[in-house]
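Notes follow once the structure below has been shown.
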Amino acid sequence: MIKSRRFTPVLRRRTGFAFGLWPGLRPGAVVTAALVALSLAAGLWPGQAQAHPHVFVDTALTVELDAQQRITAVTVTWVYDDFYSLLVLQDMGLDEDADGRLTPAELAQLDGWDMKWIEGYAGDLYVADATGQDVALSPPQPLRTDVMEGRIVTQHRRVLSDPLSVSGASLRAYDPEFYTAYDLTGGVTLMGVVAGCAAGVARPDEDSAYAEAQALMAQFPEDAEEVPLMGHVFAETVTIACAPKS
């Protein structure tokens, strides 16, 4: 059975609205339009063009552990790519002098812009137990909004509904629809009671990932209104190993 859902732009999932850069175009549509045009020129059908990411986010995770070697919360840092940051700032009428820095008043206006998530949006963070079942996370707790060298930086914290043993647990940051690509360039940091614990990041084999993604896309007809859910194929997997407690 093909698992898919109707395509929803990333900013509509997060905030409930879409930008008005061009009438009828979704966030990042300038990039999308260019990629679609190139894809059509190369003989690809539109669904294949949509299956590529259009927003790129450098990501960092800070995982909180308790004295029982359990995950209790995760702080997520998103650093949006230059072009997408520019689109957001322009649409909000910020940084009109284009110096890549915001005034305190402008930062106050930007604060929380990507934290007003609509119901059902998982926040592109998935924490799974040893059986592979995703656990419940709290709504985001906004911590920080900034602009650094023209790139929007936001940070928020998610609390697990129940502490989760690190044994067999995994964390992944990805957009199921692959509209947004997350890369753990900021790494993974452990905080709390972390003595004897270390985090590891496993990256998918690139050739295998692209082959699986192509197979998923091939199952969709050219006129499909949905996109294949393939973000997990390219997701990095974080695991935490702790030495046995003495």
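In what follows, residues are counted from 1 in the order of the sequence shown. Since the model is a prediction, treat every value here as computed from it, not as a measurement.
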Which atom pair, heavy atoms only, marks the closest approach of V57 to T59? O-OG1, 3.2 Å
So, the side chain of R172 versus the backbone of T237: is there a donor-acceptor pair under 3.5 Å, distance only? no
Tell me, with the steps shown, if V159 and T72 meet side-chain contact (heavy atoms from CB on, under 4.5 Å). CA-CA 6 Å; V159 178; T72 59; 6.0 Å; no
Quick one: pull up OG in S170 and CD1 in I240 and give me the separation to the nearest 0.5 Å. 10.0 Å
Verify the ring-centre separation between F178 and F234: is it less than 6.0 angstrom? yes
Taking atom CG of D81 and atom CG of L86, what is their separation to the nearest 0.5 Å? 10.0 Å
Looking at every heavy atom in both P204 and A235, which two are closest together, and how far apart are they? CD-O, 3.5 Å
What residues form a ring pair (Phe, Tyr, Trp, His ring centres under 6.0 Å) with Y174, not counting sequence neighbours? Y126
As an exercise, state the distance from CE of M92 to CD of E106, rounded to the nearest 0.5 Å. 10.0 Å
Taking the side chain as every heavy atom from C-beta outward, state whether R70 and L65 have any pair of such atoms under 4.5 Å apart. no
Would you say P53 and T180 make side-chain contact, with heavy atoms under 4.5 Å? no
Provide the full list of ring pair (Phe, Tyr, Trp, His ring centres under 6.0 Å) pairs with a residue in residues 134-173, sequence neighbours left out, each pair given once. W78-H156, W117-H156
Between atom OG of S85 and atom CG of L110, what is the distance when rounded to the nearest 0.5 Å? 9.0 Å
Side chains of I152 and Y84: does their closest heavy-atom pair fall under 4.5 Å? no
Side chain to side chain donor-acceptor pair (under 3.5 Å) contacts in which one or both residues fall within residues 130-139, not counting sequence neighbours: D129-T131
Enumerate the side chain to side chain donor-acceptor pair (under 3.5 Å) contacts for residues 183-205, please, sequence neighbours excluded, ordered by first and then second residue. D58-T185, R203-E236, D205-S208
Straight-line distance of E64 CD to L160 CG, nearest 0.5 Å: 10.0 Å
How close do R158 and G123 get, heavy atom to heavy atom, and via which atoms? NH1-CA, 3.9 Å
Can you give the donor-acceptor pairs under 3.5 Å from side chains of residues 141-149 to other protein atoms, not counting sequence neighbours?
| unit_1 | atom_1 | unit_2 | atom_2 | d |
| --- | --- | --- | --- | --- |
| Q141 | OE1 | R157 | NH1 | 3.2 |
| T145 | OG1 | D111 | OD1 | 2.8 |

Quick one: are L61 and L125 in side-chain contact, heavy atoms under 4.5 Å? yes
Picking from V76, T75, V79, what satisfies side-chain contact (heavy atoms from CB on, under 4.5 Å) with Q155? T75
Taking a hydrophobic cluster as the set of Ile, Leu, Val, Met, Phe, Trp and Tyr residues connected by side-chain heavy atoms closer than 4.5 Å, whether directly or through intermediates, do V153 and Y80 fall within one such cluster? no
Within a strict 4.5 Å, meaning less than it, do heavy atoms of the H54 and Y179 side chains meet? yes
For a 4.5 angstrom cut-off between non-hydrogen side-chain atoms, does D66 reach V193? no
Going through the checks in order, is the side-chain contact (heavy atoms from CB on, under 4.5 Å) test met by L102 and L89? CA-CA 10 Å; L102 299 188; L89 296 177; 4.2 Å; yes
Starting at CG of D91, measure out to CH2 of W113 and round the result to the nearest 0.5 Å. 10.5 Å
Suppose the criterion is salt bridge (Lys or Arg N to Asp or Glu O under 4.0 Å): which pairs have a residue in residues 185-201, not counting sequence neighbours? none
Is there a side-chain contact between S165 and Q69, using heavy atoms and a 4.5 Å cut-off? no
For a 4.5 angstrom cut-off between non-hydrogen side-chain atoms, does L164 reach D162? no
From CA spacing to verdict: side chain to side chain donor-acceptor pair (under 3.5 Å), D175, Y182: CA-CA 8 Å; D175 172 12; Y182 296 91; over 6 Å; no
